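Written out below as structure tokens is the structure these notes cover.
Not measured: the values here are computed from a predicted model. The first residue in the sequence is number 1, and the count goes up from there.
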Amino acid sequence: MNLALTEEEAAFRDEMRTFFTTKVPAEIREKSATGQELSKDEVVTTMRILNENGLAVPHWPAEFGGRDWTAVQRHIWLDEMQLASVPEPLAFNASMVGPVIATFGSQELKEKFLPKTANLDIWWCQGFSEPEAGSDLASLRTTAIRDGDDYIVNGQKTWTTLGQYADWIFALVRTNPDAPKKQAGISFLLIDLNTPGIEMRPIKLIDGSVEVNEVFFDNVRVPAENLVGEENQGWSYAKFLLGNERTGVARAGHTKVHLGQAKKHAAQTKVGSGTLLEDPLFAAKMAEVENELLALELTQLRLVSSSDDGKPNPASSILKLRGSELQQATTELLMDVAGPDSLPYEAGEDIESEGWAQRSVPGYLNYRKVSIYGGSNEVQRTIIASAILGL
């Protein structure tokens, strides 16, 4: 098949490229490109710029900010955003809870939450994983017992990403402990984090930063009107949400940016009488990653060009699998280029090691997670084996 863009799609690509490189502050894009941590205000600023111009939630209903785009247009939008190092719309809002409320929520919930969710007036976090209920999420034990017009919530959530910034949490809770199947007794509840009885505890990571948290619920009273859809149907909504979470997981644009940085720094790194980029072994490794990235891009374009029927394609597991592996490969390349300069961390001007080099190891370590979240690579291989290869 012909994988070249049509004239209309090429014009759309140019429109997106111009917007992302001119309308989003350069300092925010530079921080994003070089792996520096963005502040909450910078994330909010970016998403509000996108939302103001109809580019934050194009996959939502038009009534709440969506655009009637083709799958190829949505792919171009995301790819150009990543290539320009524009922070993507907060996933918890744009790709997770927003589509769930838009699809399964009451009209009252849609009107109350969707505009604020698209504009990041509400910062959401995800309350799914628990101790002993990670990969086996259906084993969750946080309960929500109906008491008049409220639910009384008790339990614990963990690995709550960016919960320190959040205003609300969307949580899976057990509303029927006696259900014959553990998946059948789960509901999807929206909870204001300012409600009495909630405690957020940070989990410090290996580099001293805080990205994830624990959340404890002690007799938290939540209005029953915050239930999304029907009681005990939360597992179906969660599967729908996770399908949206896996959209764009290849992140080829981000990988291309990181690969370009590795090539630039390698060309500036002296080795013997030449540069690291001219070293045959390193050049071969770089070429291998570049070729695999090109194959991933072509596979992604082939899939999105045939997915306008809206049905899930098991081949998307290939994108998740190879996309995460290539993200990890490029962060490893950056660390290799940095060499001994990667060892200091936040040393500032006290040592002659550039900032990008000091961030290469934390970046490498942080990207170990990409082969786990959104469905681990082991799970993706099982899907590929059964749904594609018929094994």
Side-chain angles (χ1 to χ4, degrees), residues 61 63-64 92-93 96-134 136-201 213-242:
E63 178 185 2
F64 296 105
F92 310 112
N93 288 40
M96 298 184 188
V97 74
V100 170
I101 295 173
T103 305
F104 304 106
S106 65
Q107 187 63 27
E108 290 77 13
L109 285 181
K110 293 177 185 178
E111 293 175 357
K112 178 179 179 180
F113 288 111
L114 289 183
K116 293 181 178 180
T117 297
N119 202 49
L120 206 44
D121 297 330
I122 294 176
W123 185 303
W124 290 91
C125 62
Q126 182 181 25
F128 279 21
S129 295
E130 300 182 4
E132 301 181 18
D136 184 19
L137 182 58
S139 296
L140 65 89
R141 293 181 291 185
T142 296
T143 59
I145 305 302
R146 187 67 181 262
D147 180 32
D149 293 333
D150 297 328
Y151 285 101
I152 307 300
V153 180
N154 284 281
Q156 176 187 356
K157 297 293 180 179
T158 193
W159 310 123
T160 305
T161 304
L162 302 181
Q164 69 269 31
Y165 297 147
D167 307 297
W168 285 68
I169 185 171
F170 54 93
L172 291 181
V173 293
R174 189 164 299 285
T175 44
N176 181 8
D178 301 319
K181 290 180 61 178
K182 56 187 180 181
Q183 292 90 342
I186 294 172
S187 296
F188 196 104
L189 201 58
L190 311 177
I191 304 174
D192 185 343
L193 287 171
N194 287 321
T195 308
I198 298 177
E199 181 183 1
M200 182 84 63
R201 295 182 190 172
N213 302 265
E214 296 177 291
V215 188
F216 295 87
F217 302 89
D218 183 11
N219 290 322
V220 177
R221 190 169 286 272
V222 180
E225 63 189 27
N226 289 0
L227 177 73
V228 175
E230 300 179 24
E231 189 174 83
N232 300 322
Q233 294 300 310
W235 189 251
S236 297
Y237 310 150
K239 289 192 294 183
F240 173 86
L241 180 150
L242 291 171

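Side chains of Phe170 and Met96 form a contact here, defined as non-hydrogen atoms less than 4.5 Å apart. Contact annotation: the side chain of Asn213 never approaches that of Arg201 to less than 4.5 Å [non-hydrogen atoms, C-beta and beyond]. Within the 4.5 Å cutoff, side-chain heavy atoms of Met200 are placed close to those of Leu193. Between Glu214 and Lys157 the shortest side-chain heavy-atom distance does not fall below 4.5 Å.
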- Working for side-chain contact (heavy atoms from CB on, under 4.5 Å), residues Leu137 and Trp235: CA-CA 10 Å; Leu137 182 58; Trp235 189 251; 4.0 Å; yes

- salt bridge (charged side-chain N to carboxylate O under 4.0 Å, His left out) assessment of Asp136 paired with Lys182: CA-CA 11 Å; Asp136 184 19; Lys182 56 187 180 181; 3.2 Å; yes

- Item | Trace of the side-chain contact (heavy atoms from CB on, under 4.5 Å) decision for Ile186 with Leu140 | CA-CA 9 Å; Ile186 294 172; Leu140 65 89; 3.8 Å; yes

- Please walk me through it: do Val215 and Glu199 pass side-chain contact (heavy atoms from CB on, under 4.5 Å)? CA-CA 6 Å; Val215 188; Glu199 181 183 1; over 6 Å; no

- With side-chain contact (heavy atoms from CB on, under 4.5 Å) as the test, would you mind laying out the steps for Trp168 and Asn194 before giving the verdict? CA-CA 8 Å; Trp168 285 68; Asn194 287 321; over 6 Å; no

- Query: Between Lys110 and Glu108, is a salt bridge (charged side-chain N to carboxylate O under 4.0 Å, His left out) present by the stated rule, with each step listed?
  - Reply: CA-CA 5 Å; Lys110 293 177 185 178; Glu108 290 77 13; over 6 Å; no

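Remark: the backbone N or O of Trp124 is paired with a side-chain donor or acceptor of Asn93 at under 3.5 angstrom. Thr103 contributes no side-chain N or O that, together with a main-chain N or O of Val100, makes up a donor-acceptor pair within less than 3.5 Å. Distance alone, capped at 3.5 Å, places no donor-acceptor pair between the Thr160 side chain and the Gly163 backbone. At distances below 3.5 Å, not a single donor-acceptor pair connects side-chain atoms of Ser187 with backbone N or O atoms of Glu231. With hydrogens and angles disregarded, no donor-acceptor distance shorter than 3.5 Å links the side chain of Arg174 to the backbone of Ile145. Formation of a donor-acceptor pair under 3.5 Å by the Glu132 side chain with backbone atoms of Ser139 is not found in this model.
Nearest heavy-atom pair across Val222 and Leu190 is CG1-O, 3.6 Å. Pro131 approaches Arg141 most closely through the heavy-atom pair O-NH2, 3.9 Å. The minimum heavy-atom distance between Glu130 and Leu172, with the atom names listed, is OE2-O, 4.5 Å. Closest approach of Gly134 to Ser129, counting heavy atoms only: CA-OG, 4.3 Å. Considering every non-hydrogen atom in both Tyr237 and Glu230, the closest pair reads OH-N, 2.9 Å. Between Ala179 and Gly185 the shortest heavy-atom distance is CB-N, 3.7 Å.
The aromatic ring centres of Phe188 and Phe104 sit 6.0 Å or more apart. For Phe128 and Trp159, the ring centers are positioned 6.0 Å apart or more. Trp123 has its ring centre no less than 6.0 Å from the ring centre of Phe92.
One distance of note links CG of Leu114 with CG of Asn119; it measures 12.5 Å at 0.5 Å rounding. The OG1 atom of Thr175 lies 7.5 Å from the CG atom of Leu227; values are rounded to the nearest 0.5 Å. The distance from atom CD of Glu63 to atom CD of Gln107, rounded to the nearest 0.5 Å, is 5.5 Å. Atoms CG and CG, on Leu109 and Asn226 in that order, are 6.5 Å from each other to the nearest 0.5 Å. In this structure, the separation between NZ on Lys116 and CG on Leu120 is 13.0 Å, given to the nearest 0.5 Å.
Residues Asp178 and Asn176 have side chains that never bring a donor and an acceptor to within less than 3.5 angstrom of each other.
No option in Ile169, Leu241, Leu162 other than Leu241 meets the side chain to side chain contact (heavy atoms under 4.5 Å, CB included) test with Gln126. Paired with Val153 under the rule side chain to side chain contact (heavy atoms under 4.5 Å, CB included), one option of Ile198, Asn219, Leu189, Thr143 passes, and it is Leu189.
For the pair Arg221 and Tyr151, the cation-pi test (distance below 6.0 Å, angle within 45°) is failed.
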